[in-house]
Amino acid sequence: MSNPLVVPRTSLFKKYFRALFAAAVVPLLIAGGSDAWFGYHDQRARLNDLLNAEARFAAVNIQDFIEGIRDQLGWTVQLPWSEDGGDRRRLDALRLLRQVPSVENLTLVDATGKERLFVSRIGLNRIEGGDDLSAKPAVTGARSDRIWYGPVTFHGGSEPFMAIAIAGNRTADGVAIAEVNLKFIWEVISGIRVGRTGDAFVLDRPGRLVAHPDISLVLRADEAAQRPLQALRAAILARPGQAAVGQDVMGKSVLGAMVQIPGVDWSVIVKQPLAEAFAPIYAALWRTAALLVGGAALAAVLAYWLTQRMIGPIRLLEDGVARIGAGQFDHRISLTTRDEFERLATRFNEMAAELAVSQERSERINRLKRFLAPQVAELVDRTGDDRVLDGRRVEVVVIFCDMRGFTAFSARVEPETVMGVLREYYDALEKVVGAHEATLINFSGDGAMVLVNAPVACSDPALQAVTMAIDMQISVQKLLAGWRAPDHQLGFGVGLAMGPATVGQIGSEGRLHYSAIGNVVNLASRLCSSAQDSEILIDRVAAHAVGSRVPLVELDARTLKGFDQPVPVFSAVIEKAVTDSTA
């Protein structure tokens with residue numbers, strides 16, 4: 001189960017790639033997207049204007065085509081019918097068929113609604129046919145509105161025809177009815193081009209295809225094939241004045257605009273395939289996509305290059321850290337990248353040098369601690385000179401101290417209690433000795449030996465030793481106050497002597513001690529043994545060296561073991577307030 005607090009690591013390559021991708025590709029994406037957005041709307045508006053203009057132009061042409069027929073028919077109904085005008089009207093009708101190829105048949109009806117003349121390109125001409133056509137929609141429509149346009153019909157289910165009837169200004173002028181072959185609109189529609197592949201087509205009011213550049217579509221009159229065109233017209237009608245998207249008979253998406261032709265109520269639709277209409281937009285999108293791919297590839301290459309450039313120094317630093325961790329403090333890193341890595345390598349080398357010095361010092365202290373008391377070892381290390389440990393003759397102050405009644409105390413209490421008491425006792429003595437920068441030579445049971453002015457010299461060893469002895473007495477007496485009990489009384493005495501002694505390393509090769517040898521050591525030890533609880537006994541040399549700077553009381557000379565003559569003894573006076581507080 002994964003730890004939710006551990007943040008998953010990401011490689012440098014991913015980080016660089018994301019940063020470079022954001023820096024290079026995102027601006028391209030924003031710029032390309034905005035250009036495409038605004039370009040699309042601009043292109044859509046331009047196409048809307050263009051397609052509407054072409055649709056109006058096509059509608060005008062088709063309307064001119066129809067009005068041309070209407071004008072020609074108008075000449076045939078300018079004169080009233082008379083009994084002797086048949087030949088002239090026949091010549092006019094034949095001339096109209098010759099001038100207007102789209103008119104397939106022409107029927108002239110007199111004021112009473114009777115057919116007076118019928119001329120045709122494919123049928124037999126009739127003169128004075130006499131059929132009553134007064135109830136025909138063409139006749140009634142023309143007499144009502146002067147011009148009448150019939151619905152589109154498909155002869156034989158293919159060719160589109162439309163009847164056009166026009167009445168004279170006077171009732172006596174009669175009506176002319178022309179049947180127009182709408183195939184001829186093909187020439188008008190074929191002339192409409194939008195762009196490279198855009199074209200136009202015409203639908204009548206029910207939605208049947210009247211004209212198309214591909215005349216076969218009109219002649220087939222396939223309603224299923226024409227449904228997409230009807231759907232396109234419905235889409236355009238849903239957005240008046242705006243171009244709409246639909247499909248052509250081939251199923252291609254197109255953009256179309258439409259204009260209605262008044263009178264015949266036809267729809268002229270101009271369309272252009274979307275692929276061609278928005279080709280500039282698609283080209284811009286492809287260019288943007290290519291730039292995005294190029295930008296992403298460039299970001300990946302740069303990220304890889306930067307990562308490789310970073311990985312080398314990082315691996316050197318990582319290897320350096322591992323070597324330093326393994327204790328190879330002489331290891332150094334060489335980098336000449338002239339950047340932060342080179343500075344980091346310099347700092348690393350400085351750190352390694354400092355660690356080497358620290359390790360050397362630690363090893364040196366450890367070596368010293370093998371045969372020296374820790375305090376002496378630390379002291380020697382601070383001075384930085386091992387020669388202070390060499391044997392020499394020097395005037396020192398030796399202090400011995402121990403507890404009174406400790407043997408009886410240790411025999412009555414549990415060993416754990418004894419160890420706890422000694423631990424606190426040693427701690428108190430070490431603090432005092434350390435505070436006065438003296439040398440704690442050793443602990444031996446409840447006794448301790450302290451040396452002043454060796455191995456490191458001090459300016460006033462006698463005063464320093466007496467002052468330290470007073471502090472030792474005060475500190476230990478505070479502890480004894482808590483340890484005393486009715487059945488075991490503990491005390492603390494100190495002996496101090498000053499004189500020449502031989503100091504240096506004493507012992508075997510594997511175990512050395514720093515100590516002092518001389519009569520002054522014996523004298524201090526005997527004074528300590530002679531001291532009572534709370535007493536500090538001082539020899540005459542140390543007392544004279546201290547003088548009046550510390551209150552001293554001269555006691556009677558004492559006979560001490562190992563000394564032939566009684567020894568003058570002085571006692572340090574500890575402030576009464578201090579002794580009372582510790583009692």
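Numbering of residues begins at 1 and proceeds along the displayed sequence.
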Counting only pairs under 3.5 Å, give me each side-chain donor-acceptor contact of residues 14-31, with atom names and distances, residues two or more places apart or in other chains.
none

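- Checked by atom type and distance alone, the side chain of Thr307 pairs as donor or acceptor with a backbone atom of Ala303 at under 3.5 Å.
- Partners of Tyr282 by ring pair (Phe, Tyr, Trp, His ring centres under 6.0 Å), not counting sequence neighbours: none found.
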| request: Check the pair Arg95, Asp92 against salt bridge (charged side-chain N to carboxylate O under 4.0 Å, His left out), reporting the backbone distance first and the verdict last. | output: CA-CA 5 Å; Arg95 185 173 60 185; Asp92 290 341; 3.3 Å; yes
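- Under the 4.5 Å side-chain criterion, counting only non-hydrogen atoms from C-beta, Asp35 is not in contact with Thr288.
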Name each donor-acceptor pair under 3.5 Å that joins a side chain in residues 70-77 to protein atoms two or more places apart or in another chain, with its distance.
residue: Thr76; atom: OG1; partner: Leu73; partner atom: O; Å: 2.5

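- The ring-ring contact (aromatic ring centres under 6.0 Å, His included) contacts involving residues 93-121 comprise nothing, where partners must be two or more places apart or lie in separate chains.
- Residue pairs meeting the side-chain hydrogen bond (donor to acceptor under 3.5 Å, both in side chains) criterion with at least one member in residues 167-180, sequence neighbours excluded, are Asn105-Glu179, Arg146-Asn169, His155-Glu179, Arg170-Asp173.
- Nearest approach of Pro160 to Leu219, heavy atoms of both residues: CD-CD2, 4.5 Å.
- Among residues at least two apart or in separate chains, ring-ring contact (aromatic ring centres under 6.0 Å, His included) pairs with a member in residues 23-58 are Trp37-His41, Tyr40-Phe278.
- Residue pairs meeting the side-chain hydrogen bond (donor to acceptor under 3.5 Å, both in side chains) criterion with at least one partner in residues 234-257, sequence neighbours excluded, are absent.
- Interatomic distance, Leu344 CG to Leu317 CG, rounded to the nearest 0.5 Å: 5.0 Å.
- The two residues Thr112 and Ser134 make their nearest non-hydrogen contact at O-CB, 3.9 Å.
- Atom CD of Gln63 sits about 13.5 Å away from atom CZ of Arg56, to the nearest 0.5 Å.
- The CD atom of Gln99 sits 11.5 Å away from atom CG of Leu94, with the distance rounded to the nearest 0.5 Å.
- Residues Ile314 and Leu12 meet the side-chain proximity criterion, which asks for heavy atoms closer than 4.5 Å.
- The ring-ring contact (aromatic ring centres under 6.0 Å, His included) contacts involving residues 293-338 comprise nothing, where partners must be two or more places apart or lie in separate chains.
- In this structure, Arg309 pairs ionically with Asp339, as a charged nitrogen and a carboxylate oxygen lie closer than 4.0 Å.
- The 12-atom threshold is exceeded at CE of Met351, counting heavy atoms of other residues, nucleotides or ligands nearer than 6.0 Å.
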| said: With salt bridge (charged side-chain N to carboxylate O under 4.0 Å, His left out) as the criterion, how do Arg323 and Asp319 come out once you've worked through the C-alpha distance, each side chain's angles and the decisive distance to 0.1 Å? | reply: CA-CA 6 Å; Arg323 288 173 179 266; Asp319 179 68; 2.8 Å; yes
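- Shown here is Arg332, whose CZ atom has more than 12 heavy atoms of other residues, nucleotides or ligands within 6.0 Å.
- Annotation: ring-ring contact (aromatic ring centres under 6.0 Å, His included) contacts involving residues 219-246, sequence neighbours excluded, are absent.
- Remark: Trp148 pairs with no residue by the side-chain hydrogen bond (donor to acceptor under 3.5 Å, both in side chains) rule, at least two apart or across chains.
- Heavy-atom minimum distance, Val245 versus Ala235: O-CB, 4.1 Å.
- At a threshold of 4.0 Å, the pair Asp427-Lys431 does not count as salt-bridged, since none of the basic side-chain nitrogens sits closer than that to a carboxylate oxygen.
- Considering all non-hydrogen atoms of both residues, Arg44 and Ala243 come closest at NH2-O, 2.9 Å.
- At least one donor-acceptor pair closer than 3.5 Å links the side chain of Arg121 to the backbone N or O of Val103.
- In plain terms, the two heavy atoms of Gly256 and Leu232 that are nearest each other are N-CD1, 4.4 Å.
- The line from CD1 of Ile311 to CG of Leu306 is 11.0 Å long, rounded to the nearest 0.5 Å.
- In this structure, Arg233 and Ile269 have side chains that are in contact, with non-hydrogen atoms separated by less than 4.5 Å.
- Taking CZ of Arg116 as the reference point, atom CZ of Arg90 lies at 14.0 Å (rounded to 0.5 Å).
- In this structure, Phe348 has no ring pair (Phe, Tyr, Trp, His ring centres under 6.0 Å) partners at least two apart in sequence or on a different chain.
- A donor-acceptor pair shorter than 3.5 Å can be found between the side chains of Arg46 and Gln43.
- At least one side-chain heavy atom of Gln260 sits less than 4.5 Å from a side-chain heavy atom of Asp265.
- Here the CD1-CD1 distance, from Ile166 to Ile69, works out to 11.5 Å after rounding to the nearest 0.5 Å.
- For the pair Ser144 (side chain) and Thr140 (backbone), a donor-acceptor distance under 3.5 Å is absent.
- You'll find the side chain of Val264 stays beyond 4.5 Å of the side chain of Ile62, heavy atoms only.
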| task | Take Leu316 and Phe341 through the side chain to side chain contact (heavy atoms under 4.5 Å, CB included) test and state the conclusion after the steps. | result | CA-CA 10 Å; Leu316 279 178; Phe341 277 114; over 6 Å; no
Atom pairs and distances, donor-acceptor, side-chain atoms in residues 197-212, under 3.5 Å, two or more places apart:
residue: Thr197; atom: OG1; partner: Glu276; partner atom: OE1; Å: 2.3
residue: Asp199; atom: OD1; partner: Lys271; partner atom: NZ; Å: 2.7
residue: Asp204; atom: OD1; partner: Gly207; partner atom: N; Å: 3.0
residue: Asp204; atom: OD1; partner: Arg208; partner atom: N; Å: 2.6
residue: Asp204; atom: OD2; partner: Arg208; partner atom: NE; Å: 2.9
residue: Asp204; atom: OD2; partner: Arg208; partner atom: NH2; Å: 3.1
residue: Arg208; atom: NH2; partner: Val152; partner atom: O; Å: 2.9
residue: His212; atom: ND1; partner: Asp214; partner atom: N; Å: 2.9

| task | Could you walk me through whether Val218 and Lys183 pass the side chain to side chain contact (heavy atoms under 4.5 Å, CB included) test, one step at a time? | result | CA-CA 8 Å; Val218 179; Lys183 285 194 307 182; over 6 Å; no
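- Heavy-atom minimum distance, Ala345 versus Ile333: CB-CG2, 4.0 Å.
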